[in-house]
Amino acid sequence: MNQVILIKYGELTTKKGNRNFFIKTLTNNIEHKLNNFNIKIVKDLSRMLIFFNDNDFSQINAILKNIFGIYTYHLAYITNTNIEDISQKILEVLSTKTFDTFKVEVKRSDKSFPYDSPTFAKNIGALILKNIKNIKVDVHNPQLLLKVEITSKNTYIYTDTFKGSGGYPVGSQPRALLMLSGGIDSPVAGYLALKRGVKLDCVYFEAIPHTSLNARQKVITLTKKLINYTDTINLHIVNFTHLQEEIYKNCHQDYVITIMRRMMYRIMEKLAKKYKAYAIVNGESIGQVASQTLVSMQVINKVTSLPIIRPVACLDKLEIIDIAKKIDTYETSILPYEDCCTIFVPKHPVINPNLKLCEEMEKNFDYETIIANIIENINTIKIRDIEDINELL
Ligand code: ATP
Ligand code: MG
């Protein structure tokens, strides 16, 4: 019995003008992720079919459930659209299932089919009751829901529905740069941005020798976890040590975090230009720490004109942790290696920073030259999905 994976586009189909582009992007992403499997994709404007080798389903399923832009998909059987073939296929499919109660739903997009959907559903119900003993119809809470989709050429029959990840296909938006620390919040922010179709590269600020190579390794591991949802991620590692030391030497203690974050944004803006990215994404959450009050955000934001996307801005820590656990970044994020934000934390970081004061303190040292030097010495690691696929499954 040949099965196919039947994908419905869901929210994608509301994007009228861009529908073809979204579907093409989704198809490319699926083809790329399933590169190691013998598959064939056939699509039209409302559904996509993936033909595959039966033995590969569980592996393909594990990959498909992480591809954004897919809402639900089904393991379906295909038959020709004629009543005899459909009836025969249904009985064949149901002979492999165990159930006491069932319901039939029919969707007929081919209006030349001789029966309307409710009538044909009733006919199929009668056929099933006649051929399978000791079962009955339950329209409210059936153990088995049989769906029959009739198109002009083919009819799809399925009982198994899988939930996809939703969202938009990655690449349906251009690139943004994710500020990826080793914490809990930023990998979750990255996941949520990918879910909206944003292509991501990551930027990690490190302050060796104040931070360790273990901390860097943690960020590499987190990037690999995000690769489950996209293809290649460039991880740009920024050596922040010199700039951070200058900030501590030249600025009032209470302001070092505010100014450090202004410097981070300045660097992010330059990197965005260099790598053709349209926005910065980070894991800031309103009120979580002193640098994330609305006043702080406003003062820190002043140094860049890029949109700053904060996907977890309005989530509680517990809600963020739930997502971190779901995407399997939590256990890595809680490993206890110091980040450049957690070293030299002042006793009383300012909650309502004053912009003029920041600008005055920043005049105390030549940060422009240091930043130019930092940009020249970026270390980039390319992290690819296909090579690592076995490790990730
Ligand atoms: P936690 O989960 O412990 O809050 P965090 O990574 O969110 O960790 P914060 O101090 O809250 O740490 O930083 C806010 C955001 O700033 C992070 O989510 C991240 O996007 C960015 N950020 C902080 N430190 C770094 C860093 N060393 N490199 C890159 N981005 C960073
Ligand atoms: Mg945080």
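The analysis underlying the following values was restricted to heavy atoms, covering all of them including side chains, and did not include hydrogens, waters or symmetry mates. In listed order, ligands and their atoms are each counted from 1.
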TODO: Have a look at Gln292, Glu284, Met264 and point out the one with the heavy atom closest to atom 11 (O) of ligand 1.
DONE: Gln292
Open item on the list: Heavy atom to atom 12 (O) of ligand 1, shortest distance: which of Ser181, Ser333, Ser291, Ser186 holds it?
Closed with: Ser181
- [ ] Could you tell me whether Lys103 and Asp138 make a salt bridge, using a distance below 4.0 angstrom between a side-chain N and a carboxylate O?
- [x] no
Open item on the list: Under a 4.0 Å threshold between the charged nitrogen and the carboxylate oxygen, would Arg261 count as salt-bridged to Glu284?
Closed with: yes
TODO: Please determine, by modelled atom types, if Tyr73 and Asn61 share a side-chain donor-acceptor pair under 3.5 angstrom.
DONE: yes
- [ ] Using only heavy-atom distances, determine whether the side chains of Asn154 and Glu149 contain a donor-acceptor pair under 3.5 Å.
- [x] no
Task: Side chain, backbone, both or neither: the part of Leu178 lying under 4.0 Å from ligand 1 by heavy atom - done: neither
- [ ] Check Val203 against ligand 1 and report side chain, backbone, both or neither, counting heavy atoms closer than 4.0 Å.
- [x] backbone
- [ ] Assign the ring pair Tyr191 / Tyr229 to parallel, tilted or perpendicular, where the plane angle (0 to 90°) is split at 30° and 60°.
- [x] perpendicular
Task: Parallel, tilted or perpendicular, as decided by the 30° and 60° cut-offs, for the rings of Phe205 and Phe240 - done: perpendicular
In terms of atom number and element, which parts of ligand 1 are under 4.0 angstrom from non-hydrogen atoms of [X]?
X      : value
Arg261 : 13 (O), 14 (C), 15 (C), 16 (O), 21 (C), 23 (C)
Lys317 : 1 (P), 2 (O), 4 (O)
Ile184 : 1 (P), 2 (O), 8 (O)
Asn282 : 20 (O)
Gly183 : 2 (O), 6 (O), 8 (O)

- [ ] Using the ring of Tyr158 (Phe, Tyr or Trp, six-membered ring only), decide whether Lys147 places NZ or CZ under 6.0 Å from its centre and within 45 degrees of its axis.
- [x] no
TODO: Examine Arg196 relative to Tyr168 and say whether NZ or CZ is less than 6.0 Å from the centre of the six-membered ring and inside a 45° cone about the ring axis.
DONE: yes
Open item on the list: Does ligand 1 come near enough to Phe205 that some N or O of the ligand is less than 3.5 Å from an N or O of the residue?
Closed with: yes
Open item on the list: With the threshold set at under 4.0 angstrom, would you say Glu206 reaches ligand 1 through any of its heavy atoms?
Closed with: no
